[in-house]
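Input: a single structure, listed below in structure tokens.
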2 protein chains.
Amino acid sequence: MGRPIRTRRQATLASLAAELGVSRTTVSNAYNRPDQLSPELRRRILETARRLGYPGPDPVARSLRTRKAGAVGLLLTENLSYAFRDPAAVGVLEGLALACEDAGVGLHLVPASPGREDVAAVHRAGVDGFVVYSVPDDDPHLAAVLERPVPTVIIDQPRIEGVDRVGPDDAAAVTRLAEHLVSLGHRQVGVLCMRLARERNDDFVTAQRQSSAHFHVQRIRLEALATAFSAAGVDWATVPVVERFDHTVDDGASGARQLLDAYPQVTAVICTSDILAIGAMAEAERRGLRVPLDLTVTGFDGIAEAERLGLTTVHQPVLEKGKVAGRLLLGSAERVGPKVITLPTELRIGRTSAPPRTVEEPWFGG
Amino acid sequence: MGRPIRTRRQATLASLAAELGVSRTTVSNAYNRPDQLSPELRRRILETARRLGYPGPDPVARSLRTRKAGAVGLLLTENLSYAFRDPAAVGVLEGLALACEDAGVGLHLVPASPGREDVAAVHRAGVDGFVVYSVPDDDPHLAAVLERPVPTVIIDQPRIEGVDRVGPDDAAAVTRLAEHLVSLGHRQVGVLCMRLARERNDDFVTAQRQSSAHFHVQRIRLEALATAFSAAGVDWATVPVVERFDHTVDDGASGARQLLDAYPQVTAVICTSDILAIGAMAEAERRGLRVPLDLTVTGFDGIAEAERLGLTTVHQPVLEKGKVAGRLLLGSAERVGPKVITLPTELRIGRTSAPPRTVEEPWFGG
DNA sequence: TTGAAAGCGCTAACAA
DNA sequence: TTGTTAGCGCTTTCAA
């Protein structure tokens with residue numbers, strides 16, 4: 001199984017045709033339409049190809065001619081390391097990859113990290129469409145994607161008029177979660193959320209920043225919390241919201257620390273992701289707070305580790321999200337008009353939410 | 001931020017040039033070599049482009065012309081779901097993605113699962129090179145990759161003459177692990193390994209099947225175990241080896257069950273991956289065997305969960321593996337001749353290995 | 001069943 | 001600074 005020298009490509013379809021004394025059409029047919037020539041001739045062509053080291057039609061040239069790249073682009077602005085470490089993101093990636101595999105098309109990861117302002121990679125990607133996963137509405141890469149004359153499907157965020165989207169009903173899901181907490185008796189809550197804009201702000205969040213967040217999902221979740229708690233008589237302006245730029249367990253812990261240091265009276269920490277919630281639980285343990293006796297902690301996503309820990313959270317079908325997005329994109333030729341697909345979520349009440357300690361009335365039997 | 005109708009591409013570089021009354025070169029330069037024309041002219045060109053809905057040079061046409069696809073292909077024959085669920089594989093993927101990102105090239109996942117015999121996807125991938133991750137030596141997709149006139153780097157397996165490769169020194173690593181077990185006193189061992197060929201065999205493995213395994217890594221690990229235990233006076237022909245096709249915790253458990261049901265005298269279960277080892281530990285617990293008191297269990301890879309569990313295992317730098325492979329591929333233009341890079345491994349003795357229960361002599365102070 | 005002609009949309013010498 | 005010329009390697013009507 002030795003290999004000849006790499007990067008040969010001496011032979012082309014044309015040179016093969018010349019060698020054999022047939023037309024290029026015939027050689028092309030030998031590869032793409034076996035039924036268009038005699039088996040004997042085809043055999044001869046393929047054999048000569050092997051002899052000449054012709055590796056078959058060049059995929060790029062074919063793509064140019066057929067106007068089909070045979071690949072789907074994935075734009076993922078999040079830092080890659082985080083993307084691969086967040087089980088929710090990996091699930092989406094897996095689902096999308098499965099959809100691509102079913103369709104026999106490649107999945108092209110576009111090199112675009114938050115730091116890299118260079119949008120050229122988007123222009124250079126030879127793909128038939130893009131899936132965009134959870135980016136801010138002012139992301140320059142996203143803008144570049146939307147300029148390309150190919151269909152696009154957005155997963156989660158942002159919400160853009162006229163562009164297909166797949167995601168959960170964040171507002172409804174968070175509302176149910178909030179109602180659960182309200183019914184338990186929590187009135188003094190704190191929130192720990194993911195980054196709201198492209199600039200780093202590892203700190204408390206002003207009302208202004210909340211309502212103008214460039215990450216729609218976070219904004220919608222905060223709005224839903226505000227609405228639900230306001231309905232329960234809580235003045236949202238008094239509810240502390242802490243933001244963390246990096247989406248890691250460690251940042252979840254430090255966010256919780258900042259929150260609880262300043263607002264020790266908080267009875268429940270609502271996190272907008274499981275990763276942050278897991279960090280918050282670690283911080284609770286560090287300060288000697290028992291969850292859920294002394295502190296309620298909730299998450300969002302429903303990743304496997306959350307389930308193991310019994311975290312009260314909102315489960316969303318991440319694998320499905322990727323799959324549906326892929327299928328939507330690959331089937332978009334037949335459709336007219338944009339489509340928005342809302343995936344179901346499920347409130348999973350675990351062992352990390354309970355009535356606040358400060359409520360003295362008995363909760364059961366009352 | 002509304003969008004015009006999708007899939008327009010009415011305008012091309014040529015039509016833009018005609019509209020403006022300049023040459024195509026000039027328009028091309030406006031995009032690719034801004035310093036080759038006056039800022040004023042460039043501005044005019046870009047503005048007209050926007051007005052006409054010209055999305056910039058077509059990436060496929062550009063690739064054809066420049067003979068650069070701007071992407072690296074990744075061949076991963078393993079079922080995608082398993083690939084994304086095995087932290088070792090995810091680590092490799094992450095490392096490779098990071099290397100690609102650094103170089104500004106895309107990462108193109110080739111749709112190729114074990115079932116899919118269709119090799120066309122490999123031919124259709126517009127890439128400048130391939131990274132092949134852990135496939136059997138008779139994999140048809142691999143053969144197709146090697147026929148393509150682009151550089152290729154193989155991670156882990158197979159070992160092919162003349163092709164670049166990145167991986168650990170499996171034999172050395174396993175030998176150290178075996179010596180650790182031998183020094184503890186283990187003589188009655190059993191092995192649980194990953195699949196050895198493309199056909200399923202969830203059963204015991206014959207000597208013949210061991211030595212002709214198409215997955216080189218597994219073969220090498222088994223050979224190293226055989227050599228090390230033979231040196232300690234163990235007749236390898238008497239050592240039971242169980243194989244599992246799917247690489248899951250559940251299959252690790254069922255493999256251990258099959259092994260221990262038939263060979264209850266075994267004092268140590270050597271698993272060729274952490275995933276399998278974690279399953280084996282679950283099975284040990286199920287049968288009431290205390291690890292390591294009643295049974296020693298070892299793994300391979302050094303994934304995070306193994307570390308949390310205190311598993312005795314061989315750690316290998318998976319992220320590094322992907323990164324190095326990517327860099328090797330992307331820098332291969334400057335090199336001559338094939339290159340093999342061996343990554344360091346580390347034996348990590350945890351809490352799952354101890355002297356066998358049947359050994360009555362005191363091990364310390366003796 | 002096979003071939004001739006006409007591009008797909010672009011970039012890179014080279015020349016002006 | 002801009003334009004002319006010549007393909008990159010392939011597929012696809014259409015005609016023979």
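Chain naming here is simple, since letters A, B, ... match the order of the sequence lines and numbering starts at 1 in each.
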### Task
For B/Arg24 and for B/Leu41, find the nucleotide of DNA chain D with the closest heavy atom, then tell me which residue's nucleotide is more 5'.
B/Leu41

### Task
Identify, between A/Thr66 and B/Leu37, the residue whose nearest nucleotide on DNA chain D lies closer to the 5' end.
B/Leu37

With a 4.0 Å cut-off on heavy atoms, is [X] in touch with a base, just the backbone sugar-phosphate, or nothing at all?
X	value
B/Arg42	nothing
A/Val60	nothing
B/Leu64	base

Taking the minimum atom-to-atom distance to the side chain of [X], which one of [options] wins?
X	options	result
A/Ala61	C/dC10, C/dT11, D/dC10	D/dC10
A/Ser23	D/dG9, C/dG3, C/dT11	C/dG3
B/Tyr54	D/dC10, D/dG3, C/dC10	C/dC10
A/Arg67	D/dT2, C/dG9, C/dG3	C/dG9
A/Gln36	D/dT11, C/dT2, C/dG9	C/dT2

### Cationic N near anionic O, under 4.0 Å, B/Glu47 to B/Arg50
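Not counted as a salt bridge, because no side-chain N and carboxylate O are separated by less than 4.0 Å.
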
In whole angstrom, what separates [X]'s [atom1] from [N]'s [atom2]?
X	N	atom1	atom2	value
A/Arg44	C/dT2	CZ	P	9 Å
A/Leu20	C/dG3	CG	P	10 Å
B/Leu13	D/dG3	CG	P	12 Å
A/Arg124	C/dT11	CZ	C1'	14 Å
B/Asn32	C/dC10	CG	P	10 Å
A/Lys68	D/dC10	NZ	C1'	17 Å
B/Asp58	C/dC8	CG	P	12 Å
B/Ile45	D/dT1	CD1	C1'	11 Å

Between [X] and [N], is there a contact of a side-chain N or O with OP1 or OP2 at under 4.0 Å?
X	N	result
B/Asn29	C/dT11	no
A/Thr26	C/dG3	yes
A/Thr12	D/dG9	no

### Query
If you pin A/Asp35 and A/Thr25 to their nearest nucleotides in DNA chain C, which one's is more 5'?
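It is A/Asp35 whose nearest nucleotide is closer to the 5' end.
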
#### Entry: Position toward the 5' end of DNA chain C (nearest nucleotide), A/Arg65 or A/Gly21
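Mapping each residue to its closest nucleotide by heavy atoms, the 5'-most match is A/Gly21.
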
### Message
Rounded to the nearest 0.5 Å, what separates atom CG in A/Leu142 from atom CD in A/Glu147?
### Response
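Taking CG in A/Leu142 and CD in A/Glu147, the distance rounds to 10.0 Å.
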
#### Entry: A/Arg44 CZ to A/Thr26 OG1 distance, which is reported to the nearest 0.5 Å
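Going from CZ on A/Arg44 over to OG1 on A/Thr26, the span is 10.5 Å.
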
### Query
Is the backbone N or O of B/Ala14 less than 3.5 Å from a side-chain atom of B/Arg24, with the two atoms forming a donor-acceptor pair by type?
no

### Message
Can you confirm whether the side chains of A/Asn79 and A/Ser113 place a donor and an acceptor under 3.5 Å from each other?
### Response
no

Let me check something: any side-chain donor-acceptor pairs from residues 121-136 of chain B under 3.5 Å, sequence neighbours excluded? List them with distances.
| residue | atom | partner | partner atom | Å |
| --- | --- | --- | --- | --- |
| B/Asp128 | OD1 | B/Ala69 | N | 2.6 |
| B/Asp128 | OD2 | B/Ala69 | N | 3.2 |
| B/Asp128 | OD2 | B/Gly70 | N | 2.7 |
| B/Ser134 | OG | B/Gln157 | NE2 | 2.9 |

